[in-house]
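Lettering follows sequence order; numbering is per chain, from 1. Worth saying up front: this structure is predicted, and the values here are computed from it rather than measured.
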Protein chains: 2
Amino acid sequence: MSISIKDVAEKAGVSVATVSRVLSEGPVRADTKERVHAAIKALGYRPNLSARRLRTQHAQTIGLIVSDIRNPFFTAVGRGVEDAAYRAGMRVLLCNTDENVERERMYLRLMQEERVTGLILAPTLAMLDQLQKNPLQFPAVLIDRAGAGGLYDSVVLDNREAANTLVEHLFEEGYRRIGGVFGQTSATGLERRDGYCASMKARGLTPDPRLLPPTVDAGEKAMSEWLAGPDAPEAIIASNGLLLMGVVKAAQRLGRAIPSDLAVAGFDNEDWTEVVGPGLTVIEQPVHDIGRNAMSLLFDRLQNPGLAPRKVVLSGRCIVRGSTLASKPAALAENRSAPLTGAAAMNP
Amino acid sequence: MSISIKDVAEKAGVSVATVSRVLSEGPVRADTKERVHAAIKALGYRPNLSARRLRTQHAQTIGLIVSDIRNPFFTAVGRGVEDAAYRAGMRVLLCNTDENVERERMYLRLMQEERVTGLILAPTLAMLDQLQKNPLQFPAVLIDRAGAGGLYDSVVLDNREAANTLVEHLFEEGYRRIGGVFGQTSATGLERRDGYCASMKARGLTPDPRLLPPTVDAGEKAMSEWLAGPDAPEAIIASNGLLLMGVVKAAQRLGRAIPSDLAVAGFDNEDWTEVVGPGLTVIEQPVHDIGRNAMSLLFDRLQNPGLAPRKVVLSGRCIVRGSTLASKPAALAENRSAPLTGAAAMNP
DNA sequence: ATGAAAGCGCTAACAT
DNA sequence: ATGTTAGCGCTTTCAT
């Protein structure tokens, strides 16, 4: 049993109410306040947050559920959330679902049992669906992956635009057979795929998107097979940093030079994308802003629960590096304009 | 106000005690149990963890305080901890101090206010000191950075051995002017520095260690100046993944080729170290094991508080890649054996 | 300015 | 097997 407010009250010769007032900076005479502080120090008293929360019905806690803590995108977003939360005197409860709906459900339950003040959530596709049917009991903001739904506040990237930017850039550099690997567990992965497909078609090219688990290993495995086959692309787009890493690993393993054998572009401007090979062309997401915006939407909603759901759409910034800047013979470039299906047809 | 056990009891026509028994799988008749479950479902009841914790005096919570969540080493350790915790029915409270003693103290206070069951902590140097003077009120396990102190259980890498392994490897490859950058905020950084210095001296070489804040930027800045100066090393050791990244960035910025202009070795086998340049030689830490071992020590202590503090020392594995494998003329190698101070002296 | 007392939601004796 | 009740540590009326 640890030291309670009662022990402090006894030691200071006052009532528990007075101690409580001292703790909450209430009206207390200076000398009694001093006596109480002395007692607190002498006993090493620390308030019990469980008791306080139970009494006040105020958790002062923001839940943050992300799908993969190993993904630097989410750690960066987390920092944004944390900074804003602590400025507001709130704690952050960080949970990691591993893109696993089971765990996601478990953590959502936990959040409810903790009676969190609000929640910031990067849901899987499956969860996104459930959230529309069974709305949450507390204010929530969706990040990174909001889908179309209109029940929740959200802050996302303009994924279609960003994917289009990458396709456009590759097209202008002369690439035609442009493939793409996309995370299959998130609305974001799908949106980037859609943007890619639309952009390809708009240029008269045949899209070749592959949906994968958003992990390094899945990316490497899929790309290894793809690159070794007859329908190998001459440029590839990866929908997040983990898949991008997988692509690079596969290219290296197969001895494909970047960009001369394979041009590479992707999402997430992580440190390593700058130093690998000739540098990787990426869409940089305003990671910290995503976190901050999410908190800001959340606080607005806490103050005014009646607000209509808002969607904040941020833009990515395309950082062009050497991985997409092959300068090659025009002849080869000509060759490239053959539609992707042409080559694919060679492989019945 | 949310739904409480009382509402459920009323709806099911039983007492709150019975509901509580149902929740804790106590002895309840099958049909009443069913009625209670029905009521729970109908009302969407979820237990209030604050109340439960207050009553049971059992937080069922493991605190985890790390110094930098952006460092993949710590996210990986975190996963190990989380896995073990959830298997034991415990929650993890993850906090991130940014190597900032202020925040570290704040979080330590928070842990106490949450009345955590136990704590896993990667302390800064300054905190390590305080921990010896003012012991914590609850069981704690130090990870990554334990220093010499004997008050706490700890699980660490054999840092001196690992640093020696790197020096030895570089020496055998013919490098003589071997510099090192080490994190200045952790016992681990200092131990690796000491191991490096001892190993250098044992080979008749003059060590040139630099202590830095353990960040990419600090590493890049320091190395840029170092490499541009007259006492530039021909090989460099970096004491963690962030500094290692800084070294690589600096080398690239200055147009130094790896390994022909600068050999590079470091700690932490992150994905990117495999794909950058010729691949980076690194010490791989058993990251997941560190987390798991920490939890295991913690649980042992919870069951038996009287145990004497134990220190688990794990070994790193040296992964040799191209960044340290320059094959160069013997003449150059001869040149290299000139003591580092010789060159340094040219710069008064 | 301070104290007495109720009660937040829950569990665990102790009754029945 | 089930109900009654005390109390975990705290805040917050309501008195004084």
Colleague: Any N or O donor-acceptor pair linking the side chain of B:Arg53 to the base of C:dG9 at under 3.5 Å?
Modeller: no
Colleague: Can you tell me how far P of D:dT4 sits from NZ of B:Lys6, to the nearest Å?
Modeller: 13 Å
Colleague: Taking OP1 and OP2 of C:dT2, is either one under 4.0 Å from a side-chain nitrogen or oxygen of A:Arg29?
Modeller: yes
Colleague: Apply side chain to side chain donor-acceptor pair (under 3.5 Å) to B:Thr185 and list each qualifying residue two or more places apart in sequence or on a separate chain.
Modeller: B:Glu99
Colleague: So which of residues 30-40 of chain B are in contact with DNA chain D, with a heavy-atom cut-off of under 4.0 Å?
Modeller: B:Thr32
Colleague: Could you tell me which residues satisfy side chain to side chain donor-acceptor pair (under 3.5 Å) with B:Asp153, sequence neighbours excluded, listed by chain and number?
Modeller: B:Arg301
Colleague: Among residues 13-20 of chain A, which ones have heavy-atom contacts with DNA chain D below 4.0 Å?
Modeller: A:Ala17, A:Ser20
Colleague: Not counting sequence neighbours, list each pair that qualifies as a side-chain hydrogen bond (donor to acceptor under 3.5 Å, both in side chains) and has a residue in residues 111-120 of chain B.
Modeller: A:Ser2-B:Arg115, A:Arg46-B:Glu113, A:Arg53-B:Glu114, A:Arg91-B:Glu114
Colleague: Nearest-Å distance, CG (B:Asn48) to C1' (C:dG9)?
Modeller: 6 Å
Colleague: Round to the nearest Å and state the distance from A:Arg55 atom CZ to C:dA6 atom P.
Modeller: 13 Å
Colleague: Identify the two heavy atoms, one from B:Asn134 and one from B:Tyr152, that lie closest to each other, and give their separation to 0.1 Å.
Modeller: O-OH, 4.2 Å
Colleague: Minimum heavy-atom separation for B:Thr75 to A:Ile69, with atom names?
Modeller: CG2-O, 4.0 Å
Colleague: Taking ring pair (Phe, Tyr, Trp, His ring centres under 6.0 Å) as the definition, give me every residue that meets it alongside B:Tyr107, ordered by chain and number, with sequence neighbours left out.
Modeller: A:Tyr86
Colleague: Atom OH of A:Tyr45 to atom P of D:dG9: distance rounded to whole Å?
Modeller: 10 Å
Colleague: Starting at atom CD1 of B:Ile5, determine the distance to atom P of D:dG3, rounded to an integer number of angstrom.
Modeller: 12 Å
Colleague: So, A:Gln60 versus A:Arg52: side-chain donor-acceptor pair below 3.5 Å or not?
Modeller: no
Colleague: Between atom NE2 in B:His58 and atom C1' in D:dC8, what is the gap in whole Å?
Modeller: 13 Å
Colleague: Is A:Arg52 close enough to D:dG9 that one of its side-chain N or O atoms is under 4.0 Å from OP1 or OP2 there?
Modeller: no
Colleague: Given 3.5 Å as the limit, does a donor-acceptor pair link the side chain of A:Arg35 with the main chain of A:Ala12, or not?
Modeller: yes
Colleague: I need the CG-P distance between B:Leu49 and C:dC10, as an integer number of Å.
Modeller: 9 Å
Colleague: Report yes if at least one side-chain N or O of A:Gln57 is closer than 4.0 Å to OP1 or OP2 of D:dT11; otherwise report no.
Modeller: no
Colleague: With the side chain of B:Leu54 defined as its heavy atoms from C-beta on, choose the nearest nucleotide among C:dT2, D:dT2, C:dG9.
Modeller: C:dG9
Colleague: Round to the nearest Å and state the distance from A:Glu114 atom CD to C:dC8 atom P.
Modeller: 20 Å
Colleague: Between A:Arg79 and A:Asp83, is there a salt bridge with N-O shorter than 4.0 Å?
Modeller: no
